> 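Below you'll find the structure I mean.
When reading the values below, keep in mind they use all heavy atoms of this one structure, side chains included, and skip hydrogens, waters and symmetry mates. Everything numeric in this text was worked out from a predicted model, so none of it was measured. When a ligand or atom number is given, it counts from 1 through the structure's own listing order.
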Amino acid sequence: MVREILIYPDKRLKLVSKEIISFDTELHTLLDDMYDTMVAKNGVGLAGIQIGIDKRVLIINIPIGDDEDAIQPKDNTLEVINPIFLEKNGSTIYQEGCLSVPTIFEDVKRAKHIKLEYQDRFGEKHIIEDDEFLAIALQHEIEHLEGHLFIENLSFTKRKKFEKEWKKLGNKR
Ligand code: CO
């Protein structure tokens, strides 16, 4: 089921998400709904708080194939619960966007390489390591779990510019 996405500056996006303890059908429904919502909005990642659920859960589904023909099969979804960084090093810059800040794309500096421990929907622990796009996406989504958005990483001047632009866009909505 597609759920409503919270849009900046919705205050709920500032909540620090809580650890997941029960790996039950409620969690599985949440994960399934997150997938439906993300795909409906053409996103590559979504955190629970973006649909108003302040739990430490996020999904990522990197499209396979070229732009218009790209597909996001459900079984290619990475479901990450209670993530903990084990390693973070190097740096890289990538132009990011976010379903909670639609139409805005800005360069953000992140760690290049990450190693992460997390649980899957059944509570099983896994370790994942990456130094490409997945590493960037994971850092973006985990930031949501801490109550932060990618635009908070912008310089003072760029942030001011964004707020001005966002206000203008809001007037059209
Ligand atoms: Co986001």
> Going through the distances and angles, do Glu141 and Ile60 end up as a side-chain contact (heavy atoms from CB on, under 4.5 Å)?
CA-CA 8 Å; Glu141 299 310 331; Ile60 291 172; 4.1 Å; yes

> Would you call the rings of Phe162 and Tyr8 parallel, tilted or perpendicular, taking 30° and 60° as the class edges?
tilted

> So for atom CD, which belongs to Glu4, do other residues, nucleotides or ligands contribute more than 12 heavy atoms lying within a distance under 6.0 Å?
no

> Hey, does Ile128 have a side-chain heavy atom less than 4.5 Å from the side chain of Leu138?
yes

> Counting only heavy atoms from other residues, nucleotides and ligands, does the tally under 6.0 Å from CD of Glu26 exceed 12?
no

> I want to know whether His144 and His148 have ring centres closer than 6.0 Å.
no

> Report the protein N/O/S neighbours of the Co ion (ligand 1) that fall below 2.8 Å; do not count waters.
Cys98 SG, His140 NE2, His144 NE2

